[in-house]
Amino acid sequence: MSVILRGAVKLYYYLNDEIRDTRTQDWFLIRSPWPGLALLTLYLLMVLRWLPDYMKNRPAYDLRSIMAVYNASQMIGCIYIAYKGLTLGWLNHYSLLCQGLDNGPNALEYAWTVCYGYFVMKLIDLLDTIFFVLRKKHNQVTFLHVYHHWGMVAVSWGIVKWVPGGHVTSLIILNSIVHFVMYGYYLMTSLDGTNRQALRRWKKHITQIQIFQFAMLFVHHFAMLLKRECAFPSPPAYILLPQNFFMLLLFSDFYYRSYFKSKKQ
């Protein structure tokens, strides 16, 4: 048992101190994983236990005005992060097949604006689930929804902690563009009550875009592993590849059950 504990402690210090990116360690919530894990635990308790119990005998809240502001703010944040990611990296000097960690003149701005900004956006995304519970949309608080939100906070924290720039940040750009479209859809459905049913026809296409996103990311990360002597470390790709594949399966299953199986029934 003592050998296992010593090994676990050694692994913790290796991951948290030895291989960290020194440029980002003093940023809020990045130095140690424990505050972030505490926030994610609090999120799970709120959306799975505390808020459902609180709303059990209460009417649903009308949050249309709050959600309109929230969705518009999310759109602005997403498109800004995607724009900075493209201009500072992917449309500038980044290589699609193999992009090493960026140490150029724009590297710190990229790490702060794109990577850390994306991490902050994923924290704000957790409000999606809280809004669902307060509106008593319990059918939307699915395993896919909660796992995706929880996991994206963890993944974005890891990017800032260890690789704030380089090949895997393609995830940030694609996901920000997809979320810009998604929150635009949410904004229109929350504002336009008369055409809500017509707008909901586009929900199917939002899911298609999400599935396409995960497929593209899987191919992109896999291509890096095939390229010899790539300057980007391979462990992040080994983590993100199964994660992307799992999300691809979950969203594909959701798409099948929502738009094919239900139609047949």
Side-chain angles (χ1 to χ4, degrees), residues 28-30 33-52 54-55 61 63 66-67 69-79 81-82 114-161 168-169 171-187 189-190 203 206-207 209-214 217-218 239-240 242-255 257-258:
F28 182 60
L29 295 177
I30 302 302
W34 303 117
L37 286 173
L39 280 175
L40 288 174
T41 302
L42 180 63
Y43 162 73
L44 292 177
L45 289 171
M46 288 182 65
V47 302
L48 298 178
R49 177 69 63 85
W50 296 339
L51 284 179
Y54 171 79
M55 294 298 298
Y61 285 94
L63 303 177
I66 294 175
M67 291 184 62
V69 175
Y70 169 76
N71 291 328
S73 301
Q74 287 284 70
M75 290 180 66
I76 294 171
C78 288
I79 202 63
I81 288 172
V114 180
C115 299
Y116 189 72
Y118 180 73
F119 168 65
V120 173
M121 291 292 293
K122 295 303 104 180
L123 288 174
I124 298 173
D125 280 355
L126 299 179
L127 290 174
D128 287 351
T129 322
I130 294 175
F131 290 152
F132 283 152
V133 179
L134 293 177
R135 296 167 61 215
K136 305 194 84 165
K137 302 286 186 178
H138 300 300
N139 62 309
Q140 299 192 45
V141 187
T142 61
F143 171 78
L144 170 59
H145 175 88
V146 175
Y147 173 79
H148 180 57
H149 279 64
W150 198 99
M152 291 310 297
V153 172
V155 167
S156 58
W157 182 89
I159 290 175
V160 179
K161 177 75 175 181
V168 297
T169 62
L171 178 154
I172 296 176
I173 312 306
L174 280 175
N175 191 248
S176 295
I177 293 172
V178 170
H179 276 68
F180 172 79
V181 176
M182 184 183 75
Y183 282 111
Y185 165 78
Y186 289 157
L187 179 62
T189 55
S190 65
K203 187 177 181 180
I206 301 294
T207 308
I209 293 172
Q210 290 173 315
I211 292 172
F212 181 67
Q213 165 201 210
F214 290 116
L217 288 172
F218 184 87
I239 295 172
L240 289 175
Q243 164 68 9
N244 278 323
F245 185 68
F246 185 48
M247 294 307 302
L248 180 62
L249 291 179
L250 287 177
F251 272 86
S252 298
D253 177 67
F254 169 78
Y255 185 82
R257 287 186 291 104
S258 300

Got a sec, which residues hit side-chain hydrogen bond (donor to acceptor under 3.5 Å, both in side chains) with [X], two or more places apart in sequence or on another chain?
| X | answer |
| --- | --- |
| H149 | D128 |
| Q74 | Y70, D125, Y183 |
| N175 | Y118, K122, H179, Q213 |
| S176 | none |

Partners of [X] by side-chain contact (heavy atoms from CB on, under 4.5 Å), sequence neighbours excluded?
| X | result |
| --- | --- |
| P52 | V133 |
| I177 | A82, I173 |
| V120 | Y116, I124 |
| K137 | F132, R135, N139, Q140 |

Between atom [atom1] of [X] and atom [atom2] of [Y], what is the distance when rounded to the nearest 0.5 Å?
| X | Y | atom1 | atom2 | result |
| --- | --- | --- | --- | --- |
| L123 | F28 | CG | CZ | 8.5 Å |
| S252 | R257 | OG | CZ | 11.0 Å |
| L63 | F131 | CG | CZ | 6.5 Å |
| L171 | L217 | CG | CG | 5.0 Å |
| L127 | L134 | CG | CG | 10.0 Å |

Checklist entry - Is there a side-chain contact between T207 and S258, using heavy atoms and a 4.5 Å cut-off? => result no
Item to check | Non-hydrogen side-chain atoms of V114 and T169 separated by less than 4.5 Å | outcome: no
Next on the checklist: Going by ring pair (Phe, Tyr, Trp, His ring centres under 6.0 Å), name the residues that satisfy it together with F143, two or more places apart in sequence or in a different chain.
Outcome noted: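 Scan of F143 (ring pair (Phe, Tyr, Trp, His ring centres under 6.0 Å), adjacent residues dropped) gives Y147.
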Checking the side chain of [X] only, and the main-chain atoms of [Y] only, is there a donor and an acceptor separated by less than 3.5 Å?
| X | Y | result |
| --- | --- | --- |
| W157 | L29 | yes |
| T189 | Y186 | yes |
| N71 | M67 | yes |

Checklist entry - Can you say whether the rings of F214 and H148 are parallel (under 30°), tilted (30 to 60°) or perpendicular (over 60°)? => result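 If you compare the ring of F214 with that of H148, the planes turn out perpendicular.
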Donor-acceptor contacts, no H, no angles, side chain residues 38-48, under 3.5 Å, sequence neighbours left out:
{"from": "T41", "atom 1": "OG1", "to": "L37", "atom 2": "O", "distance (Å)": "2.8"}
{"from": "Y43", "atom 1": "OH", "to": "T129", "atom 2": "OG1", "distance (Å)": "2.7"}

Checklist entry - Are there more than 12 heavy atoms of other residues, nucleotides or ligands under 6.0 Å from atom CZ of F245? => result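 Atom CZ in F245 is not packed in, count stays at 12 or less.
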Item to check | Name of the residue among V153, I159, I172 meeting side chain to side chain contact (heavy atoms under 4.5 Å, CB included) with F119 | outcome: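 Among V153, I159, I172, the one meeting side chain to side chain contact (heavy atoms under 4.5 Å, CB included) with F119 is V153.
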Item to check | Steps toward side chain to side chain contact (heavy atoms under 4.5 Å, CB included) verdict (L248, Q210) | outcome: CA-CA 8 Å; L248 180 62; Q210 290 173 315; over 6 Å; no
